[in-house]
Amino acid sequence: MPRFSFLEWPVVRQLRDGDILGRGTAVTSQHTRDKKPRTVEADHVAHSVCPYCAVGCGQLVYSKDGKVTQIEGDPDSPISRGRLCPKGAASEQLVNSPRRVTTVRYRRPHGTEWEDLDLETALDMIADRFLEARRRHWEETDEKGRTLRRTMGIASLGGATIDNEENYLAKKLFTAAGAVQMENQARI
Amino acid sequence: MTHSSYDEYRQPEPEGGRRKRGGGGKRRRRSPLDGGAGGDGSHEMAMVEDVEFESYYGRPVVKAPPWETPIGIYLFVGGLAGASGLLQAGAALSGNAELRRTARLVAIGAVGVGTPALVIDLGRPERFLHMMRVFKVSSPMSLGTWILSSYATGAGMTAANEVDRMTGERLPLGPLRPLLRLAEGPSAALQGVMGAPLAAYTAVLLGDTAVPTWNAARHGLPYVFVSSASLAAGGMAMALTSRRNAGPARLLAAAGVVGDIVGMHYTKSRMHPLESEPLEEGTPGKLLTWAERLAVAGGIGTLFARRSRTIAVASGLALAGASALTRFGVLHAGHESVKDPRRVMIPQKDRLEKRRAAGITGDSITTGW
Amino acid sequence: MANADCIIIQGSNMAEAHPVGFQWVMEAKARGARIIHVDPRFTRTSANAHKHIPTRAGTDVVLLGALINHVLSNDLYFEDYIKAFTNASSIVSSDFQDTEDLEGLFSGFDPETGSYDTDSWQYSASQEGERVGDASTFTGRDGSHYTSGHAGASEAFGAGGPPLEHGLPERDETLQDPHTVFQILKRHYSRYTPEMVTETCGISRADFDYLADSLVSNSGRERTTCFAYAVGWTQHVGGAQFIRTAAILQLLMGNVGRPGSGIMALRGHATIQGSTDIPTLFNLLPGYLPMVSVGEHDDFAAYTDSIGRSEQKGYWANSRAYAVNLLKAWWGDAATAENDFAFDYLPRLNGPAGTYQTLMRMLDDGVDGYFLLGQNPAVGSANGRMQRLGMSHLKWMVVRDFSMIESATWWKEGPEIDSGELRTEDIGTEIFFLPAANHTEKAGSFTQTQRLVQWREKAVEPPGDAQSELEFLFDLGNRIREKLKDSTDPRDRPLLDLTWDYPVDESGEVDPEAVIAEINGRFESGPDAGKPLTSYTQMTDDGSTSGGCWIYTGVYADGINQAARKKPRTEQDEFAHEWAWAWPANRRILYNRASADADGKPWSERKKLMWWDDEQKCWSGPDVPDFPADKDPHDPGDTDAGGPAALAGNDAFIMQADGRGWLYAPTGLVDGPLPTHYEPVESAIPNPLYPQQSNPTRVSFQDRHNLNAPGTSGTHQDVYPYVFSTYRVTEHHTAGGMSRWLPYLSELQPELFCEISPELAEEVGIEPYGWATVISPRAAIEAIALVTERMTPLTVAGQTVHQIGLPYHWAQGTHAVVDGDSVNDLIGMNLDANTQIQNSKVTACTIRPGRRPRGKARQELVEQLQREAGLTLSTGDTRVTAPDFPEGTHPEDIDLSTGETIEESFDLPAHHRQGPQSPGLSEDGKHEQGGEED
Amino acid sequence: MGLLSGPEADPAADAGWGHDHDRKGFFTDTSICIGCKACEVACKEWNHNPQDGNLQIMGSSYDNTGSLGANTWRHVAFVEQGKDRIEEARETGRKLVSLGMPSIGPRSGASTPGGRPGEDLSRADTAPPDTPEFRWLMSSDVCKHCTHAGCLDVCPTGALFRTEFGTVVVQEDICNGCGTCVGGCPFGVIERRDDGTVAPKGQRGRVQQDVPNKGTANKCTLCYDRLVEGEEPACAKTCPTTSIKFGDHDDMVESAHERIAQLHEQGMTEARLYGANPEDGVGGTGSVFLLLDEPEVYGLPPDPQVPTKDLPHMYRTAAVAMGGMLAATALAFLGGRR
């Protein structure tokens, strides 16, 4: 609390500032007078797109010190004109949710609890399992001897919040590996 | 509404039923007996006539201030202090030292209980001093703060003098003692001047809200509150003062009883039945009924208190109890009145209709243009 | 949409599912447009429409068919438009037999395989042996100028359908020949009368007239009507045909390719459009090229010819170039003319490999590993119980998400753990939960529902171990390639030869712009080598260019990320061409050639969009013309040249092999060239139109966990007397992974509820806001009952039909802010044969007051009802009910009515999948049964 | 200057801000609200308000936040109505129109009302849209930012203040949570935020949000901290259909009058304005609403009066009472001497 100054005492300001009833100028605090929107305090604003439905509303993502501080509609967007639905408006919570999990979790076969696992180890284990499953369920030909050159040991199901670039890499990698069981939300 | 044997898996139900039920549509209330069927079902509903009524799922329209038991205590002790302030001033002027001392000690005791009660009830008690930031005539609470603090200053000084004298000047005051004595007169005057405002402002505080029962009581509540303060202070003084010196206290108490009962009836007479109903029914109604009974009993007691100290003490305590019950009754009646939106909606619609019938059509918040 | 004069929203709850998109409807309304909502429920969309018309779910073809009949029999169609731009005058093979002749089936049905031979559906060709087919990605299935079709079509036709031979159909411009499409259409829909609408949909005559008058009076030269649909149409068996019906109607009314016209597909996910354009779907390669099917695509030429022959009209004629560019982008120098550009590196399909087929394979222990990339099938997929049981058969799975979704926690706290069906210790599935980066933590592009590719800038770094999918996949590819680097096995060549050398930044993260540049394509050789392509017309089939998705070519034109353009709307016209980039070629309204008449003049001043500028000799107007820019409207087209040159000046539908909008679809659909009403699988209403009850080509899975209600068959129809639809509400998102974890959304809709009419509540004794239990042949769930007049019982065929609404966002778990039962557990797997999309809009059930049983008793209740209804594996799975057709073979049946314990009565193979499945094409063009055998 | 009631052209000037600021306000047109609740979420997100309620369905259609309060500063009401009620709404609306403009008339402020005094709606009577069988009303409620704000006037600390935009805002660093303002509001808007308002579901201890400003009074600030930089409030910015409009108060009132005239022309006599009359019990509201039924249906009071309007009278009553008390005391001492 700032040091008390008699002249800044609102009762005095009531008499001084023409706000005798103490409704406005006489009673403001320094904190109030310093109010600024946190969008102004952001050190970076990214143009983004809402991750929920397919309308594709523009979002402005404000961040400060590497943390998202505010997400709101992008008024420049011809699609959404700066407006967002409740989900779009809540997407800051999607980023900063306290329920979000940000470390690798591992459940071993027949395990009863989650365990921690190093990301590097996890990725390597996944690559090994990928190749093993690919091998185990490889189908070179069908029953008529026609070439299939594919594996049925691996399947993938993707959401529809996966970027085009990500889908492209996924399709490219899985197809090259012969993994044909690839699906996404579009069919669900 | 248990339908299946698996309903026990339901989450624990909050008081008053799990789901606030109630249609948004039309409701007709037919008799006092079907109370409890509507609204959120959590309280009795008492009845006026068969009245057509719209609300939003029976939810409250206005909110009552979050004033709980400490505020009830404060309303009581504030009044007690206020009237005691007058008593001590009168006693000082009339040279009734015993009555003066009693009144001053009661006053400082009341202030000593009331001020912490006020602070405790704040959402942020550590910011109690923010009350002194402004002086707002539009705010009874602001005025009350200044009244209370002035009063408390005076009461503190007068009580210090009394205590000093009672302890045979053994308080380690040193050179301050003459100053204390010097301030006694002005302090007693301050305490006396602030006494009546302290007793009355809380009535304005309650009246100056949108809480239907309080707001509608604004025409008479100050009378009730000053009377209640008087009977409480008179009663306490009567109980704590020797019969010989308690005369003015008895008279003040008796006057208070009369004022209290008349005032309450007058107050109710100016209210819409739906607004006054909480003062008569339910828990607050019971409190107020007992308040009135105690007041009457105490009032009768005052007539005989000169004869017996026992009667004096009993009726004094009865009066104090009556005052406390009155305050809690009024406080809770206000809280009760916001629970049922009818108490807000129907009196408002009625007064709007009345104005329209009188040709005043330009002051409605709802307009067709 | 804001330019429409009438908007008919059917099969969509637009205001709730797409509130921000709905602003354009409200704007149209403010401008005087009439808004009509046709839906079983009165929703927030209805609340803002001029009229809500309650209907019975799954009967949309009857209503739309009756509108078609109405405009045809009263000559209310837009004659100049249909003559100019549609195939109304085309003559269909005289072998074609309609549902009128065959009791609800078309000619060519093979009851053994449950599929059609489409030979007889073809146009009558001017020369023997020539057929013309659809090559359209964009309209073949739905005629919409917005949508690119849903994921799917039968896996054999990625792009839209065979065959694509050169040639023009015979036409009769007078439309009088009985074999013209126009006359066939008239006959086909003659049964679809307003009375039939009342009888089938439960819509009154007055409401039908209102709808018909609104449509007719808001169509034509001066006015346009727009349809909007969403999964209320697609998530049906026959869903593709629902959309087709609307397309036919819109073509007849001249409401395609014009301002405020069309059929707007409202898609539910940020880039669900993108994930079909650049698909992670089993049947497609990027740009709607099909996956290779064994038998059908045995060499590269056969493959490309099946997509589009070089002699045919329109842009699909260049299919070889598109395929070569894709292969070149993937395998670079290893893709040469000599090895058919590594065509053999592509794996082959021999039947559907969709998510539900994969599930059945999982249950057979035929799948080891499962990647879930931001998807929650334990909640979001039909028959969630089976999904979870399927996952328990996996060796391992990778779940990439933001939080502990139910598909990651089913082994610990799923309903089957509760009930004791599964024991955590017994489940051998190894689970990797990898935290994912969200949309603010990675750059990349989403493609929204109007094909607009929008780039997102990265705002912050992902926290902790969180990674983008791009990072994850790139890393996985690197590791796999590293582990295989010494392999000599030819099967590893495709992985080792893959172009996988994406530039990385200092922290080793791959640059998404490099990926979109690859998608866009570049010159591989020649003077411009290395430079980005600007248009797919630059693509060659000799390997001198590459491009990962031909329809996206131009998105990185001039080396600039066009999708990242953010010129404010206030600084450009309403088409906002400098905001992001729309495929193809940044065009905002597809088939906009049709906004001008045959002579290239606008139909009217009011509805002017594109027109032929006779002085400049080019098409002009505010949008990018969806037509060869300098082709005169009177150009007859060089039919010998093939490709775009072959298009005539009025062949507005440039992706169709005949340049016309298809009222009748000779190819591209597996369940009929004309939409026909079939009752939903579990419907208890006999099909009022035909003896054929349900869609005979539907895909189903016989399994003890996937039983059907008896519908019209059997004698115990009263066990599951009601139907429910699932849907979403504004406050939540799909399976809840992105909404149930957020307090601000959870508080708005905290609990699962069901919406029922006061009449139904009265009938079964459910109190408002009390508990109700809904039981289907698959599962039982509990929900809070919202008893509301927004639900209307309908009278259909003399019966009262009660429909129940159930949003599907909740699931059992302890990690989200709110939980509840998972509605999708109730739904059976019955798929549309065209799209492989499941029905979720009409499912039989019963409803009771009170909560559901806990633990083991929950499933016992389900089984008790199964027995009461006498369900068997084949219940409700009878394909052909038209008496002239012999029944297909029946799978082995079991008797559940004996009251044996579940273990005893189900002492059978866990599932039985002998029933007909989606057809694949064999080399001789005959359909055959899909590949999976039990 | 210093008024407690009645028309007041410039409440900001009345609070010492001078005359060079435009009063800002909302016009919430409920006839185009789609009930998406984006306003509720955008408001909470901007102001970091805690989640409300106990995560159970409240039994009021799709409304599960109940009412305005300490944590919910925008609240969307959902009302389902059948034909009878719709006709009744139409009828009461027609009566309102026939009352016409007040004879004393707004002297200032509301510039040009769109409606015509005593407008003859017999024409509209003949051609209303067919009364539908059913309707579902949605309406986003918010703090009214009254011209005469009861909460502000009764606040004893100066925590509540009138901003330069004419809006009413709590200074969270000043408020000590005395709760007087809660009773001062005739609309039941402002409320003290208590710890108990955030109840995680069950005993699982799920999301435990930080609760800022515990124990202080809370309500809509009309995004004061955005207005100071010329930005619009979060709710108005996000509203998909512009049901929530934000701007200069005079413009808002004017467009409200225009909109109501437009709807009346379409035969929708059930439409009416709420808060657009500077003669009403709070001097007109800063947030004006267009409603399609009587205010009670939406949970709004039909005739709110700012309690301070009667304050002079109450002070007089109190003075009389105090006088009586003094007299009684004096008499007691005089009589007590006996």
Side-chain angles (χ1 to χ4, degrees), chain A residues 46-49 51-57 61 63 66 76 78 80 83 85 90 93 99-105 107 109-110 112 119 122 127 129 133 142 146 148 150 153-170 173 176 178 180-187, chain C residues 18-21 151 267 269-270 272 274-276 278 280 294 347-348 353 355 358 367-371 373-375 396 402 424 428 430-431 433 435 439-440 444-446 448-449 454 456-457 459-460 463-465 469-470 473 477 479 494-495 498 512 515 566 568-569 576 579 741-742 744-745:
Chain A
H47 291 80
S48 192
V49 178
Y52 288 94
C53 84
V55 172
C57 303
V61 181
S63 57
D76 289 342
S80 57
R83 304 167 194 176
C85 78
Q93 277 193 335
R99 302 297 298 177
R100 192 171 164 191
V101 180
T102 56
T103 56
V104 175
R105 307 291 282 152
R107 187 256 174 176
H110 306 290
T112 55
L119 177 64
R129 281 155 182 71
D142 68 2
R146 299 177 298 188
L148 293 172
R150 68 180 185 194
I154 306 161
S156 131
L157 182 61
T161 315
I162 308 293
D163 296 349
N164 291 322
E165 296 73 26
E166 297 173 333
N167 275 326
Y168 180 78
L169 281 200
L173 180 64
V180 293
Q181 297 174 108
M182 178 156 225
E183 285 282 84
N184 76 38
Q185 175 73 46
R187 190 121 51 202
Chain C
H18 305 88
V20 183
R267 314 203 62 178
H269 300 257
I272 199 153
S275 51
T276 49
I278 299 174
T280 41
V294 78
R348 265 62 169 164
T355 184
T358 299
V367 181
D368 285 0
Y370 196 21
F371 288 87
L373 311 175
Q375 189 68 351
W396 53 271
F402 307 139
T424 300
E430 185 179 25
I431 301 174
F433 178 89
H439 74 295
T440 65
S445 66
F446 286 157
Q448 57 80 274
T449 194
Q454 299 192 96
R456 294 182 333 271
E457 297 163 3
V460 293
D465 290 339
E469 309 317 302
L470 200 69
L473 291 160
R479 283 173 203 268
L495 278 169
L498 204 60
V515 181
K566 304 275 180 189
R569 67 187 161 92
W579 179 273
W741 269 261
L742 310 189
Y744 290 161
L745 295 176

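A, B, ... follow the sequence lines: proteins, then strands. Residue 1 opens every chain.
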I need the minimum non-hydrogen distance between C/Q448 and A/A54, along with the two atoms involved. CB-O, 3.0 Å
For C/W741 and A/R99, the nearest pair of non-hydrogen atoms, with its separation, is CD1-CB, 3.5 Å
For the atom pair CG (C/L373) and CD1 (A/I162), what is the distance rounded to the nearest 0.5 Å? 5.5 Å
Identify which part of C/L498 has an atom lying under 4.5 Å from any heavy atom of chain A, answering side chain, backbone, both or neither. side chain
Which of the residues C/G464, C/G274, C/P494, C/G21 is involved in the greatest number of heavy-atom pairs with chain A at under 4.5 angstrom? C/P494
Using every non-hydrogen atom in the two residues, find where C/G369 and A/A133 come nearest and quote the distance to one decimal. N-CB, 4.5 Å
Nearest heavy atoms of C/H18 and A/C53, plus distance in Å: CD2-SG, 3.5 Å
So, the side chain of A/Q181 versus the backbone of C/A353: is there a donor-acceptor pair under 3.5 Å, distance only? no
Chain A shares the most heavy-atom pairs under 4.5 Å, among C/L495, C/V367, C/T280, with C/T280
Quick one: of A/N164, A/V104, A/T103, A/L169, who has the most non-hydrogen atom pairs under 4.5 Å with chain C? A/N164
Please check this pair: side chain of C/E469 against backbone of A/E166, looking for a donor-acceptor N/O pair closer than 3.5 Å. no
Might you point out which heavy atoms bring A/A46 and C/E457 nearest each other, and give the distance in Å? CA-OE1, 3.4 Å
If you tally heavy-atom pairs under 4.5 Å between each of C/P512, C/S445, C/G477, C/P19 and chain A, the highest tally belongs to C/S445
Counting heavy-atom pairs closer than 4.5 Å to chain C, which one of A/L119, A/I154, A/V49, A/V55 comes out on top? A/V49
Considering only heavy atoms and a distance below 4.5 Å, find which of A/D142, A/V61, A/V180 pairs most often with chain C. A/V180
Chain C interface, residue from A/G159, A/P78, A/G56, A/S63 that has the most non-hydrogen pairs under 4.5 Å: A/P78
Are side-chain heavy atoms of C/F446 and A/T161 found at a separation under 4.5 Å? yes
Ranking A/G178, A/S156, A/P51 by heavy-atom pairs under 4.5 Å to chain C gives rank one to A/P51
Nearest heavy-atom pair of A/Q93 and C/L742: which atoms, and what distance? OE1-CB, 3.4 Å
Among the options C/V515, C/L473, C/L470, pick out the one with the most heavy-atom pairs lying under 4.5 Å from chain A. C/L470
So which part of A/N167 gets closer than 4.5 Å to some heavy atom of chain C, the side chain, the backbone, both or neither? both
Of the listed residues (C/V460, C/I431, C/L745), which shares the most heavy-atom pairs with chain A below a 4.5 Å separation? C/I431
So which of A/R107, A/R100, A/R129 has the biggest tally of heavy-atom pairs under 4.5 Å with chain C? A/R107
